[in-house]
Amino acid sequence: MSNPLFHALNGGNALRGGQRNFAPALLQHIQGFQGNPMEQLQSKLNSGEMTQDQYNQLWGMAENIVQRMMGVLPRR
């Protein structure tokens with residue numbers, strides 16, 4: 001099955017200094033996103049399109065991203 005986010009992020013082909021620079025493509029994907037992401041995830045989980053393990057892995061990655069962003073973004 002094709003992964004639209006993976007393809008939107010250039011399929012992992014964009015390397016910069018040995019690391020992938022996903023930021024521009026991710027921002028573009030976020031800006032074009034329609035709907036409620038939690039509802040869409042729950043729908044994928046309910047339909048079997050995503051397993052509980054995949055959901056847990058995704059949740060963990062999101063938590064990691066949030067923690068990294070909190071360390072970089074200025075506090076108000």
Side-chain angles (χ1 to χ4, degrees):
M1 180 176 293
S2 179
N3 182 329
L5 178 59
F6 184 72
H7 291 290
L9 299 177
N10 199 18
N13 291 327
L15 292 177
R16 175 175 291 207
Q19 293 184 336
R20 294 182 181 121
N21 183 7
F22 289 129
L26 180 58
L27 287 173
Q28 184 177 7
H29 180 76
I30 290 169
Q31 290 170 343
F33 189 82
Q34 299 283 326
N36 182 329
M38 291 305 293
E39 287 178 5
Q40 290 195 15
L41 277 174
Q42 189 62 50
S43 174
K44 289 180 184 298
L45 195 55
N46 293 344
S47 72
E49 187 176 348
M50 172 185 280
T51 66
Q52 184 67 48
D53 286 340
Q54 288 172 319
Y55 177 87
N56 294 343
Q57 184 180 13
L58 181 61
W59 186 267
M61 288 187 292
E63 286 288 324
N64 187 316
I65 290 168
V66 167
Q67 292 301 317
R68 290 173 145 200
M69 289 177 71
M70 294 295 287
V72 173
L73 296 175
R75 303 215 181 236
R76 291 186 177 187

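What you see is a predicted model; the values in this text were computed from it and never measured. For the single chain, residues carry numbers from 1 onward in sequence order.
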Non-hydrogen atoms of Gln34 and Gln40 that approach each other most closely: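 Looks like O-NE2, 3.0 Å.
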Residue list, side-chain contact (heavy atoms from CB on, under 4.5 Å) with Tyr55, at least two apart or on another chain: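 Residues passing side-chain contact (heavy atoms from CB on, under 4.5 Å) with Tyr55: Met38, Leu41, Leu45, Met50, Gln52, Trp59.
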Greater than 12 external heavy atoms within 6.0 Å of Met70's CE: no
Side chain to side chain contact (heavy atoms under 4.5 Å, CB included) between Ile65 and Arg68, intermediate numbers included: CA-CA 5 Å; Ile65 290 168; Arg68 290 173 145 200; 5.7 Å; no
Met69 side chain reached by Val72 side chain, heavy atoms, under 4.5 Å: no
All pairs passing salt bridge (Lys or Arg N to Asp or Glu O under 4.0 Å) where residues 23-36 contributes a residue, at least two apart: none
